[in-house]
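Read through the structure below, which is laid out as structure tokens, and then see the notes.
What you are looking at is a predicted structure, and each value in this text was computed from that prediction instead of being measured. Chain letters run A, B, ... following the sequence lines, proteins first, then strands; residues in each count from 1.
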Amino acid sequence: MPLWKRFGGIALVFGLLLLLDHLLYGPSRVAHDQYKEDVLIRCGLAIILAVSLNIVNGFTGQFSLGHIGFYMVGAYVGAALSTYGHTHLFPQLPTDGSPVGLWTSALPILAVSLAGGLAAAAIGFLVGLPSLRLRGDYLAIITLGFAQIILVIVRNIKAVDGATSFTGLPVASQDQALAHVATPHLTSLFWVFLVAALVIWVAYSLRFSVHGLAFLAVREDEIAAEAMGINTTRYKVLAFVLSAFFTGIAGALFAHYQSSLSNESFRFERSIDVVVMVVLGGLGSISGVTIAAVLLTILPEALRPIAQYRLVVYPLLLVILMLTRPQGIFGREEVSRAWLRGQLTSIAGWFSRRPDRV
Amino acid sequence: MPLLEVKDCTKQFGGLTAVNQFTLSLESGEMVGLIGPNGAGKTTAFNLLTGVYAPTSGTIQFCGSSIAGHKPYQIAAAGISRTFQNIRLFPALTVLDNVRTATHLHYQPSLLSAIWRGKSFTLAENAARDEAMALLERFGLGKYYGDTAKSLAYGEQRRLEIARALATRPKLLLLDEPAAGMNPQEKNDLMEQIRTLRDEFGVTILLIEHDMKVVMGICERILVLDYGQVIAQGTPREIREDPKVIEAYLGEVDAGSSVS
């Protein structure tokens with residue numbers, strides 16, 4: 001890819017996100033429409049979670065049910081860094097959790113995201129190395145157990161109020177007897193979708209390179225992959241660590257969006273939500289998974305008018321979708337030029353059919 | 001120095017000795033056949049050579065260094081590639097991607113450069129694609145490059161497996177019953193292709209085959225395994241006349257070949 005195209009693409013993404021961010025927040029940095037902001041941010045986080053889980057479940061065909069554990073590690077490590085490190089690292093941030101300007105938040109959010117991501121990746125490595133010897137149901141159970149362990153450990157950490165909810169720290173300061181440092185509100189639409197764009201790009205570039213083929217070969221046939229010179233253990237652990245890294249970043253972003261962090265947000269069911277997105281989108285299809293992540297976040301909101309019935313309709317829609325497209329919305333296809341051309345030809349064929357033949 | 005030197009290799013599964021004191025020496029550029037009745041231990045011998053199993057005892061030297069007990073991917077990197085008796089392609093990947101995957105061993109760019117997509121990355125990707133495409137053309141599979149591997153006909157899948165094995169640029173190619181399940185015409189074509197492979201790619205070939213006519217036709221040297229032991233080795237003519245082989249094997253095949 002030529003350099004101008006690459007930088008052009010990066011500039012375009014930045015520009016679009018900045019515009020969106022500006023439209024939503026304006027100069028006051030408080031969202032005009034909090035509900036809209038909430039849904040959009042949850043969409044972005046869902047994209048990050050689903051696309052990174054897809055690297056493990058879709059690309060390498062391993063089945064992890066424990067990614068919510070990495071999400072939790074990222075969230076708590078990020079929140080701990082921004083509150084405990086406040087006086088030393090980020091003295092410029094407000095202590096009352098009020099909105100922060102986009103550029104003021106740039107360095108702090110980079111720091112907490114990296115911290116959260118790296119912590120999750122490290123845990124991913126520790127968990128992945130021994131447990132990736134297993135596959136299928138066994139791996140699913142191990143990762144599930146691991147997510148539970150993380151949950152229980154965090155619940156017992158007093159420093160982050162794991163048992164209740166973490167809203168910040170009481171800190172002694174000179175002028176006041178007891179000040180409170182709240183988790184800073186760093187996350188805005190811009191950052192969430194910037195990371196979402198990044199994770200989609202990383203997944204795409206892996207998928208369409210010989211490296212990505214090594215991941216897929218592990219899914220297709222491990223024995224044949226080994227015989228072709230692919231170190232399958234290395235690629236499985238790599239996928240796990242990479243996926244944990246982005247999941248951890250999502251966690252850190254989540255922690256700095258909420259004013260309080262509760263272990264209730266990291267229950268096992270949230271893992272299932274993300275797995276459903278990946279399966280529904282089409283295991284391995286990045287486009288499909290992205291669309292499913294947005295769809296499954298918006299759908300419950302769109303069903304709000306029917307009030308209590310949505311809890312019936314939503315699962316029913318899932319069942320119908322799964323029955324009609326068991327391979328997922330996109331199967332293993334990706335949105336690409338060739339794919340679009342194929343779709344257009346089939347639509348054109350639909351119209352150019354002669355009436356006497358119908 | 002021989003390319004491959006196997007000495008007294010034994011593999012036991014519990015009480016069963018699948019391969020017993022297997023000894024084999026291959027010179028560079030040879031074409032050798034490994035035959036034997038069903039269950040004689042031929043595939044187990046292949047699995048020992050490619051690291052699927054570690055030998056219970058014995059040594060395996062390849063290019064002068066020991067590979068016994070190494071992992072399959074390390075042995076592939078050392079220069080031994082193989083096909084499988086019951087085809088093991090990457091079924092959901094395209095025909096081209098199957099072969100591209102096997103260029104992995106010679107693929108330089110790091111993971112980070114794959115994400116950055118710089119110039120050297122593009123060059124490496126194009127080189128891998130061209131190499132894979134050339135191999136597909138060589139085996140008459142060029143026109144199927146965009147189809148999934150599982151959609152190919154049986155004989156084509158076998159050829160694709162050979163193309164994929166060659167994409168690792170092996171010094172030694174192990175073919176496990178490459179002609180199994182093919183009709184006589186396909187068999188003849190395949191044998192012709194294998195015969196020319198050796199000179200074209202400079203590989204040494206060791207092949208397992210059930211069809212005696214095929215093995216006798218293209219191999220210069222044949223080893224006969226029975227109950228995990230090498231009972232005879234020599235030129236096709238010597239093998240054909242060896243009483244031990246006739247007793248253990250050829251009688252059976254004669255009965256079989258009269259059916260076919």
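With a threshold of 4.5 angstrom between heavy atoms, B:F90 approaches chain A through its backbone and through its side chain. For B:R164, the parts lying near chain A are the backbone and the side chain together; criterion is any non-hydrogen pair under 4.5 Å. With a 4.5 angstrom heavy-atom cutoff, B:T83 does not touch chain A via any of its atoms. Interface residue B:A92: backbone and side-chain heavy atoms are both found under 4.5 Å from chain A. Proximity to chain A (any heavy atom under 4.5 Å) is shown, for B:T101, by both the backbone and the side chain. Only the backbone of A:Y204 comes within less than 4.5 Å of a heavy atom of chain B; no side-chain atom from C-beta onward does. The parts of A:I223 that come within reach of chain B are both its backbone and its side chain, each placing non-hydrogen atoms under 4.5 angstrom from that chain. Proximity to chain A is limited to the backbone of B:L89, based on heavy atoms less than 4.5 angstrom apart.
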- Criterion side-chain contact (heavy atoms from CB on, under 4.5 Å) on B:D97 and A:L216, from CA distance to verdict: CA-CA 10 Å; B:D97 282 352; A:L216 301 187; 5.9 Å; no

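For the set B:L105, B:T50, B:L111, B:T168, the entry with the most heavy-atom pairs within less than 4.5 Å of chain A is B:L111. Contact tally against chain A (heavy-atom pairs below 4.5 Å) for B:R82, B:E125, B:E161, B:K71: the top residue is B:E125. The choice from B:P72, B:A167, B:G51 that makes the most heavy-atom pairs within less than 4.5 Å of chain A is B:P72.
The distance from atom CG of A:L213 to atom OH of B:Y107, rounded to the nearest 0.5 Å, is 9.0 Å. Atom-to-atom distance recorded for B:R88:CZ and A:M228:CE is 11.0 Å, nearest 0.5 angstrom. Here the NE2 atom belonging to B:H104 is positioned 9.0 Å from the OG atom belonging to A:S209, to the nearest 0.5 angstrom.
The number of heavy atoms from other shown groups lying within 6.0 Å of OH (B:Y154) is above 12. Taking a 6.0 Å sphere around CZ of A:R325, one finds it holds more than 12 heavy atoms contributed by other residues, nucleotides or ligands. For B:F13, the CZ atom sits in a packed shell: over 12 heavy atoms of surrounding residues, nucleotides or ligands are nearer than 6.0 Å. Within 6.0 Å of the CZ atom in A:F208, the count of heavy atoms belonging to other residues, nucleotides or ligands exceeds 12.
Here the shortest heavy-atom pairing between A:I230 and B:Y73 reads O-CB, 3.6 Å. B:A76 and A:A227 make their closest contact through CB-O, 3.3 Å (heavy atoms, listed as atom of the first residue, atom of the second, distance).
Formation of a donor-acceptor pair under 3.5 Å by the A:H211 side chain with backbone atoms of B:I115 is not found in this model.
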